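Okay, so here's the structure we're looking at.
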Amino acid sequence: MPLSSPIIIAIDGPSASGKGTIARKLAAHFGFAYLDTGLLYRAVGLAVLRAGGDPSDPEQAIKAAAALDAERLLTLSHDSALRSDEASVAASKVAPVPEVRASLLNFQKNFCAQPPDGAPGAVLDGRDIGTVIAPDAPVKIYVTASAEVRAERRFKELQERGENVTYAAVLKDMQERDARDASRSLAPAKPATDAVILDTSNLTADEAFAEAVKIANAVLVTKTD
Ligand code: DC
């Protein structure tokens with residue numbers, strides 16, 4: 001038994017809200033381990049695609065999720081194909097399947113209970129960290145921004161990657177994906193009742209990070225007093 005249980009920082013929010021950048025920087029700031037849980041769903045979606053299957057078919061998604069053990073998930077998380085739009089769309093199709101979520105639950109719970117490399121805490125980002133994976137996390141932040149601002153950020157990112165897209169198409173895609181994530185019956189993407197909402201619509205990345213540190217410190221400093 002460790003002397004004290006690891007400190008968990010739960011970061012949730014919709015895509016392109018800035019939550020990934022904030023979570024990664026928080027982990028570095030506090031010396032905690034970091035897990036981008038979206039990658040787990042992307043890994044399942046991509047595994048189905050690579051087997052020549054259809055991610056919308058729950059049976060294929062369940063089989064792919066069951067075949068991914070912890071070691072394979074960690075190896076896969078470095079695969080750059082997971083960052084593709086194709087993997088992201090496939091992920092949003094496998095994510096509503098209850099058995100898929102159940103398969104990935106243990107991996108995430110274990111990561112919280114025993115962060116890699118003996119880190120004293122962990123930062124996880126996703127959609128259901130504060131509600132399902134780590135409901136007792138002392139720090140919960142729900143990072144959000146208007147759909148227009150998020151679409152603008154994603155549009156710039158895709159343009160920089162040389163992809164031929166329009167802002168209107170990116171916005172439509174963002175709104176459809178938000179609706180899919182928020183309306184699914186199991187673990188819908190919504191803030192935990194005790195999460196602090198951080199709206200990054202009018203903040204630079206540095207300002208958003210500074211706010212997140214303030215929110216975390218307000219809890220962690222009093223906790224360790
Ligand atoms: O954050 P992302 O774009 O990598 O997430 C990919 C998909 O996985 C997205 O549709 C939401 C889903 N997801 C989820 O349901 N639960 C999580 N904890 C993380 C991601």
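Indexing begins at 1, ligand by ligand and atom by atom, following the structure's order. In this text, all values refer to a predicted model and were calculated from it rather than measured experimentally.
Proximity to S92 (heavy-atom distance under 4.0 Å) selects the following atoms of ligand 1: 10 (O). Taking a cut-off of under 4.0 Å to the non-hydrogen atoms of R101, the atoms of ligand 1 that pass are 14 (C), 15 (O), 16 (N). The atoms of ligand 1 that sit less than 4.0 Å from any heavy atom of K19 are 1 (O).
In this structure, R42 is part of the shell of residues with a heavy atom less than 4.0 angstrom from ligand 1.
Residue T37 places at least one N or O, backbone or side chain, under 3.5 Å from an N or O of ligand 1. For ligand 1, none of its N or O atoms has an N or O atom of D36 under 3.5 Å away. When only interatomic distances are considered, the shortest N/O to N/O separation between R127 and ligand 1 falls below 3.5 Å. Remark: ligand 1 and Q108 share no N or O pair separated by less than 3.5 Å (distance only, no angle test).
Under a cut-off of 6.0 angstrom, the local environment of CG in D69 is crowded, with over 12 non-hydrogen atoms contributed by other residues, nucleotides or ligands. When the shell of 6.0 Å around CZ of R161 is examined, it contains more than 12 heavy atoms from other residues, nucleotides or ligands.
Contact check on R154 versus D173 returns no salt bridge, with no Lys/Arg side-chain nitrogen under 4.0 Å from an Asp/Glu carboxylate oxygen. With salt bridges taken as basic N to acidic carboxylate O contacts below 4.0 Å, one links K172 and E176.
Which of A95, S88, G126, G20 comes nearest to atom 12 (C) of ligand 1 through a heavy atom is settled by distance: it is A95.
For G18 against R153, the heavy-atom pair with the smallest separation is N-NH1, 4.1 Å.
Looking only at atom types and distance, the side chain of D206 has no donor-acceptor partner in the side chain of T204 under 3.5 Å away.
When the options D12, I9, D36, L35 are evaluated for a side-chain contact (heavy atoms from CB on, under 4.5 Å) with L124, the one that passes is L35.
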